[in-house]
Amino acid sequence: MNEDNKPFKENDPGWQGGVAKNITFIVTKDCQLACKYCYLVGKNEKERMSWETAKAAIDYILGHEADFPEASVVWDFIGGEPFLEIELIDKICDYLKTEMFRLRHHWFDSYRFSFSTNGINYHTDKVQDFIKKNHTHLSIGITIDGTRRKHDLNRIWKGDGPERGSYDDVVRNIPLWLEQFPGGGTKVTISSADIPYICESVLHLYSLGIHEVNINCVFEDVWSEGDDKRFEDQLMQLADAIIDGGYYQDYACSFFSEHIGKPLDPELENQNWCGAGKMLSVDAAGNFYPCTRFAAYSLREKRPIIIGNVRDGIDKNKLRPFLTLDRLTQSPRECIDCEVASGCAWCQGENYDAAATPTVYQRATAICLMHKARVRANNYYWNRLFRKLELEGEREQWEKNKPESNDVIC
Amino acid sequence: MLQYMIILLDDTSTSFCHYEVNKTERHLISLDDLRAGIRLAMIENLNVQMVYPDYELPQEYKELINTIDHSDIVPIALNHNDADVVVTDGWNSTPPAGGVAVIRTTLAELLQHGEDVSKWLATVTRLNIVITDVASFTDDDQKAYSNFLNLLGENIDKLYVNGASPQLNLLTDRMMLSAMNNCGAGDTCITLAPNGKFYVCPAFYYENPDESVGDLENGINIPNKQLYKLDYAPLCRQCDAWHCKRCVWLNRQLTLEVNTPGREQCVMSHLERNASRQLLTSIRQKGTFLPDKPEITEIDYLDPFDKIKN
């Protein structure tokens, strides 16, 4: 049993999951790293958000309370690497707090500041001061991809000269981070070259004290023939290691979920997967996007989808396609008829970028074989685990405390 | 399935819909392309609509056009006696009696010409009013447009009582329909432009000639073709403003997606739908009218997006 008296560690569904508005400040498009799988194809050092733009965005959003009825808000800061702009972020957060209070905004008692960082600057005085000041309202995730060789395969420093991995620069900050955020989870991204290192990487992250590993395959069409089989083999190894090592009691890995791999009802389970359009992003130019993935620096092939700006506000017409999207309308027949459809994710931004026309209504299917491989390994995991629990007399109790699944995909 | 082919005979062919013709230089479709277009229409069993410029076509064009059964859409300036549809831009010309007329107008001008509409309805067999500034319709315009439609409905009601059966797209189409009946661009309808290439509709050609969906040599190939079909339009497929143009070009202008209408188009169509309901109710109080058509039910929204959202 873990400390919650459940035989399983479940993935954290996220603070106020489902009822919070997620508002993202793209504070910079710069990063110290040049990760090979990064979807941000247009990173640069020039597009840094000014205070004037940030303030105008806040004034617009808080000034239109009726347009943001969600009970809570997650103020998300993204880059590039957001902590490169810690001084601006500190100023933004101070202003947000005072304005939410001054306006008696319904978010005043229900907000979060959220960061996904590469962890390199985590220990610096400015970041630490910020953390101390805002700790009770903070969610911070540090991205570490696993073992040194897995991490350094993709997460390399920017610049000319020989490749230099960033593992040492990140791992040194993990103890401090876990001390401040004991439940902190990390996000691991898998592309073709990473497959051989999945099992060792997840176990390595557990050994660092990270109890929640959110891991997903990239949605881009990067896969080679045979990757699905290699992926399945890695997940089977991981399943054995988690079960045999008893990690399932206190650790979570988002690859394994009881709810994936089932057919989906065309009427009752027709909702969109992605939250694009329900979220809001703003960049250095003061433009609003339905999600960061629709900003120019995220797109390979298509023009950005700008839904407004801090001066003129949000063009609600531009949100209508996102808010009326459903699974069936955007899916090809093979997905609609798929017998293992549940849990197969998509990214609306990648769908748009990969589509034959500029539309968010064409689902990309590059991930299809990888999902099916995941389902097979997932079936193995649960069959093995349930049998083990039955033999140990814990199955019934697990059913009573059945955890909610959570797929963190972006 | 394709059923109609619109052939723009010239770059300056009249607009009969929401789009503006932004080309001023005459450029006739080549005879070879026209011939190939007609041949394709025959092979595919497509109904052809020829759209004319405001000048007389050379004789060889007239002869070639007459080799296929077709409809002629002509600007009123051409003074074409055999036109199937006559288009007027604005209110300075009176459409000829006995035919089908299209009037392109801004909303503000339309609201000032209710009497003209009533007068012309008594003389033409059908009047299509195309409002050219749908994109700038605001919620503040709702009341004025609604009042205008209801007043017009009262006049149409009188015409029906007197035995006439005028057709006005904004008010009488919805009464006659049993299901969605929209423009069909990209689904049932394709446009052949003077450059010999195919477009979803004339508006797409004038907006960006590089955005063709095929040509006469290689055929028609509409990427993401399904998105032009009603089943792939989440808002429209559950809507009952059946007469709505569902203009895919306006959709894309306002929402960036061909399958998603902007609020302006939805609200205007629902104001028309509700005025049609009132007209139908009023006519039926005086006798049997369209007994095979269902009632138009009362609804509490003007934008189906609000229904989905809630």
Side-chain angles (χ1 to χ4, degrees), chain A residues 66-70 266-267 270-272 276-278 287-291 294 299 301-308 312-336 348-349 351-365, chain B residues 134-139 185-186 199-200 204 207-208 210-214 221-239 246-268 301-310:
Chain A
D67 289 340
F68 300 92
E70 292 84 354
E267 287 183 16
N270 190 26
Q271 63 273 26
N272 193 24
K278 293 174 183 165
N287 289 324
F288 287 129
Y289 304 90
C291 156
F294 290 90
L299 296 165
E301 305 288 340
K302 298 290 196 308
R303 297 171 63 181
I305 291 187
I306 297 170
I307 58 167
D312 304 321
I314 294 170
D315 178 351
K316 291 178 184 173
N317 270 337
K318 301 285 194 306
L319 283 176
R320 289 162 75 99
F322 292 93
L323 299 179
T324 52
L325 256 172
D326 58 58
R327 182 174 65 86
L328 265 54
T329 308
Q330 64 187 302
S331 297
R333 176 50 60 185
E334 63 172 321
C335 298
I336 294 170
Q348 223 66 59
N351 286 0
Y352 171 67
D353 211 5
T357 59
T359 181
V360 294
Y361 278 83
Q362 184 186 350
R363 180 171 163 187
T365 56
Chain B
V134 171
S136 54
F137 186 83
T138 69
D139 285 356
Y199 295 85
V200 168
F204 285 74
E207 186 172 271
N208 181 8
D210 293 334
E211 206 183 354
S212 66
V213 290
N221 178 23
I222 303 176
N224 274 325
K225 190 175 188 304
Q226 76 282 0
L227 295 180
Y228 297 91
K229 295 180 185 299
L230 182 63
D231 283 349
Y232 286 81
L235 276 174
C236 303
R237 69 185 175 219
Q238 56 180 300
C239 175
R246 208 165 78 77
C247 173
V248 296
W249 174 71
L250 266 180
N251 287 355
R252 199 177 65 169
Q253 276 204 324
L254 292 171
T255 71
L256 306 179
E257 293 283 352
V258 295
N259 68 342
T260 310
R263 176 174 172 80
E264 296 82 357
Q265 193 173 187
C266 289
V267 170
M268 291 185 87
Y301 58 88
L302 289 175
D303 181 355
F305 178 76
D306 295 334
K307 192 174 67 164
I308 284 187
K309 203 174 55 175
N310 297 329

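Just so it is clear: chains get the letters A, B, ... in the order the sequence lines come, proteins before strands, and each one is counted from 1. Small disclaimer: the values here were computed from a predicted structure and weren't measured.
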Does NZ in A/K278 sit with more than 12 non-hydrogen atoms of other residues, nucleotides or ligands closer than 6.0 Å?
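Counting other residues, nucleotides and ligands, NZ of A/K278 stays at 12 neighbours or fewer.
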Does A/K316, at its NZ atom, have more than 12 non-hydrogen atoms belonging to other residues, nucleotides or ligands within less than 6.0 Å?
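No, not enclosed.
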Give, as side chain, backbone, both or neither, the part of [X] having an atom under 4.5 angstrom from any heavy atom of chain A.
X      : value
B/N251 : neither
B/L227 : side chain
B/T260 : side chain
B/R237 : side chain

Rounded distance (nearest 0.5 Å) linking atom CD1 of A/I305 with atom CD of B/E257
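Rounded to the nearest 0.5 Å, the CD1-CD separation comes out at 6.5 Å.
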Spacing of CG belonging to A/L319 relative to CG belonging to B/L256, to within rounding of 0.5 Å
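It is 10.5 Å, given to the nearest 0.5 Å.
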What residues, two or more places apart in sequence or in another chain, satisfy side chain to side chain donor-acceptor pair (under 3.5 Å) together with B/Q226?
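Scan of B/Q226 (side chain to side chain donor-acceptor pair (under 3.5 Å), adjacent residues dropped) gives B/N224.
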If I compare all heavy atoms of A/N317 with all of B/G262, which pair ends up nearest, and what's the gap?
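Closest pair (atom of A/N317, atom of B/G262, distance): OD1-CA, 3.2 Å.
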Considering all heavy atoms of both residues, which atom of A/D315 and which atom of B/L254 are nearest to each other, and what is their separation?
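For A/D315 and B/L254, the tightest heavy-atom pair comes out as OD2-O, 4.3 Å.
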Looking at residues at least two apart in the chain, or sitting in another chain, which of them share a salt bridge (charged side-chain N to carboxylate O under 4.0 Å, His left out) with B/K229?
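With neighbours one apart ignored, the set is B/D187.
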By a 4.5 Å heavy-atom criterion (distance strictly below it), what part of A/P321 contacts chain B: side chain, backbone, both, or neither?
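The answer is both parts of A/P321.
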In the structure I gave you, are the side-chain heavy atoms of A/Y361 and B/V258 within less than 4.5 Å of one another anywhere?
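Heavy-atom side-chain distance check fails, nothing below 4.5 Å.
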Ion pair check, A/R320 and B/D303, cut-off under 4.0 Å
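Salt bridge between A/R320 and B/D303, a charged N being under 4.0 Å from a carboxylate O: yes.
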